[in-house]
Amino acid sequence: ASNQTSLMSFFGKK
Amino acid sequence: MLEGKFESASLMKRLVEAIKDSVKLCNFNCSQTKGITLQAIDDSRVLLISLKLDPGCFEGFRCDKNLVLGLDLESLSKVLKQGNNEDYLTLIAEDAPDNLLVVFEDPKKDRISEFSLKLMDIDSDVLSIEDMDHDCSITLPSSDFAKVARDMRTLSESLQILVTKDSVKFMASGPIGTGSVIIKAHTDLKDGKESIKIDLNKSVNVTFGAKYLNDIVKASTLAETVTIKLTNKIPALFEFKLQGGYLRYYLAPKFDE
């Protein structure tokens, strides 16, 4: 099985 | 005042159809120099949409003051369906607008339809996405990619993509069995858009949620080719080029436990 990552862990909020 | 006239309504119609299943509420940013831009993230924070429509995308574009138009895409879609593909489409807003005026004119100018759409205040996160270096870049016909994404979803919730120097392998494994599709790089001399181009710095092995890929391929009505930029363990970029702009999707990968 694989886990979905979130974009928030790669990109910072502006 | 904003006044943006499209040569045909079909671009906006296809754009909204491509993204409305991923994001519901969006801020459309309008400026004289940049045209219309949009960034929106889906509720699960896995898929980000970035749209750019340069002033050159329009037959006429004027925006005296920077504006943010908060729109419900479901509602916008309902209004856009009222116009025909070949109609002229003009978007009009005042400087501090409560409404967006959507005007369709048929090319013979014997029918004009006008709709006023209520605007909303939308509080949404904007992420800073710098230009990233990618391990590989693949350009292929968007319909080919759409078929792989749709077909493989019937096997598994995940789609694994392996890229080597001259081929891309899509793999799915699920309860009923496994499947793979290999696409090889080639140059189609008769029709360049049918070519498959692979630029590779490093081989890549990434996995994505099939549901999101199926949302992304809804944009294949907008461009004949799609460029996919992949790097191990970081979000992928899927780009559909428009005349004078683009529709980009950033998709967070899945990791093996």
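Values in this document were obtained by computation on a predicted structure and should not be read as measured data. Labels below follow one simple rule: chain letters A, B, ... track the order of the sequence lines, proteins then strands, and each chain is numbered from 1. Only heavy atoms go into these numbers, but all of them, side chains included; no hydrogens, no water, no symmetry mates.
A side-chain donor from one of E17(B) and S77(B) sits under 3.5 Å from a side-chain acceptor of the other. Between the side chains of S137(B) and K229(B), not a single donor N or O lies within less than 3.5 Å of an accepting N or O. No hydrogens or angles considered: a donor-acceptor pair under 3.5 Å links the side chains of T164(B) and S167(B). Checking Y249(B) against S50(B) by side-chain atom types alone, no donor-acceptor pair falls below 3.5 Å.
Of the two parts of F10(A), only the side chain, counted from C-beta on, holds a non-hydrogen atom closer than 4.5 Å to a non-hydrogen atom of chain B.
Among residues 21-35 of chain B, no residue has any heavy atom closer than 4.5 Å to a heavy atom of chain A. For residues 232-239 of chain B, a heavy-atom distance under 4.5 Å to chain A picks out K233(B), I234(B), P235(B), given by residue number.
A side-chain donor-acceptor contact under 3.5 Å links D72(B) to the backbone of E74(B). At distances below 3.5 Å, at least one donor-acceptor pair connects side-chain atoms of N214(B) with backbone N or O atoms of A149(B).
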- Task: Would you check, one step at a time, whether the test side chain to side chain donor-acceptor pair (under 3.5 Å) holds for S180(B) with K169(B)?
- Result: CA-CA 7 Å; S180(B) 70; K169(B) 187 175 186 183; 4.8 Å; no

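Nearest heavy atom pair, residue M12(B) against residue L76(B), reads CE-CD2, 4.3 Å. In terms of heavy atoms, C57(B) sits closest to G244(B) at SG-O, 2.9 Å.
Atom OG1 of T227(B) and atom NZ of K241(B) lie 4.5 Å apart (nearest 0.5 Å).
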